[in-house]
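Letters A, B, ... mirror the listed sequences (proteins, then strands); counts begin at 1.
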2 protein chains.
Amino acid sequence: MAKYLKALAHPARILIMKHLASSNICFCGDIVDVLPLSQSTVSQHLKELKNAGLIKGEIEGVKVCYCIDDIQWQIAITTIQGFLNNTQSIKHY
Amino acid sequence: MAKYLKALAHPARILIMKHLASSNICFCGDIVDVLPLSQSTVSQHLKELKNAGLIKGEIEGVKVCYCIDDIQWQIAITTIQGFLNNTQSIKHY
DNA sequence: TAAATTCATCGTAAAATTACGATTAAAGAT
DNA sequence: ATCTTTAATCGTAATTTTACGATGAATTTA
């Protein structure tokens with residue numbers, strides 16, 4: 001729970017997740033181009049998302065293709081939504 | 001967005017939100033009793049949640065009664081859920 | 001084989017986070 | 001008026017986070 005939220009609690013990492021969700025092409029370099037951060041910093045953020053289990057990277061020649069780990073991400077979404085639903089005053093049945 | 005997630009990205013603060021959501025009595029001291037942290041540390045976490053706008057505290061005599069800021073919390077929930085829905089591969093219509 | 005490309009890792013610095021005890025301020029009780 | 005209770009704030013230490021440039025490893029290209 002906190003692990004997932006922590007992984008998402010940074011603007012750069014939110015943008016990475018959005019970018020991976022919206023684009024099929026997901027090479028590391030593409031993400032670097034999108035973010036106003038250095039290559040090494042982006043690589044660090046990708047590593048944190050990977051450590052949280054939210055994304056996975058696959059080596060493809062000289063490049064690395066990143067994508068959302070759909071199964072894990074679905075678990076994270078369910079976990080977070082469960083928390084949100086349990087704490088909101090307006091109950092949706 | 002990141003502001004909300006950051007505020008929630010700590011086990012203690014998640015517990016505080018859960019506790020505030022489930023109990024009507026919400027004095028600061030009660031929260032201190034529930035968490036395995038010192039009074040000053042809990043006070044700091046409460047401050048962060050308040051800075052993020054998620055909770056509000058009202059002085060009641062010598063005690064302070066905390067509760068979730070329902071309007072702000074609903075906005076946060078909607079924002080987070082919007083993000084989650086937009087990034088999940090399984091779309092729910 | 002040599003050069004270039006891509007990206008992870010290393011080393012490091014600055015800033016933020018987390019935690020605690022001590023102190024302080026405000027209100028209530030004696 | 002003094003003491004007690006409650007909770008915020010202060011000061012501080014340890015850790016973590018964030019960011020960068022430099023370096024290194026792996027693969028592709030020339």
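One atom, CG of A:Leu37, and another, P of D:dT18, lie 11 Å apart when rounded to the nearest Å. Rounded to whole Å, atom P of C:dT17 lies 14 Å from atom NZ of B:Lys3. Rounded to a whole Å, the CD atom of B:Glu60 is 14 Å from the C1' atom of C:dG28. Going from atom CG of A:Asn51 over to atom P of D:dT18 covers 13 Å, rounded to whole Å.
Taking SG of A:Cys28 as the reference point, atom CD1 of A:Ile16 lies at 8.5 Å (rounded to 0.5 Å).
A:Lys18 is not listed as a side-chain neighbour of B:Asn86, based on a closest heavy-atom distance of 4.5 Å or more.
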task = Take A:Gln72 and A:Tyr4 through the side-chain contact (heavy atoms from CB on, under 4.5 Å) test and state the conclusion after the steps.
result = CA-CA 10 Å; A:Gln72 284 298 306; A:Tyr4 296 137; 3.8 Å; yes
request  = Assess whether side-chain contact (heavy atoms from CB on, under 4.5 Å) is satisfied between A:Leu20 and A:Ile31, documenting all intermediate values.
outcome  = CA-CA 9 Å; A:Leu20 290 183; A:Ile31 302 165; 4.0 Å; yes
request  = Go through the steps to decide whether B:Leu35 and B:His45 satisfy the test side-chain contact (heavy atoms from CB on, under 4.5 Å), and finish with yes or no.
outcome  = CA-CA 11 Å; B:Leu35 298 181; B:His45 284 302; 5.8 Å; no
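If you check every strand for non-hydrogen atoms under 4.0 Å, A:Ile59 touches nothing.
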request  = Treat primed atoms plus P, OP1 and OP2 as sugar-phosphate and everything else as base, then score nucleotides 4-9 of chain C 5' to 3': B for base contact with protein heavy atoms under 4.0 Å, S for sugar-phosphate contact only, - for none.
outcome  = -BSBBB
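Residues A:Gly61 and A:His10 both approach DNA chain D. Their nearest nucleotides, taken by heavy-atom distance, put A:His10 toward the 5′ side.
The phosphate of D:dA8 has neither OP1 nor OP2 within less than 4.0 Å of any side-chain N or O from B:His45.
Panel note: side chain A:Thr87, backbone A:Phe83; a donor-acceptor pair is recorded below 3.5 Å.
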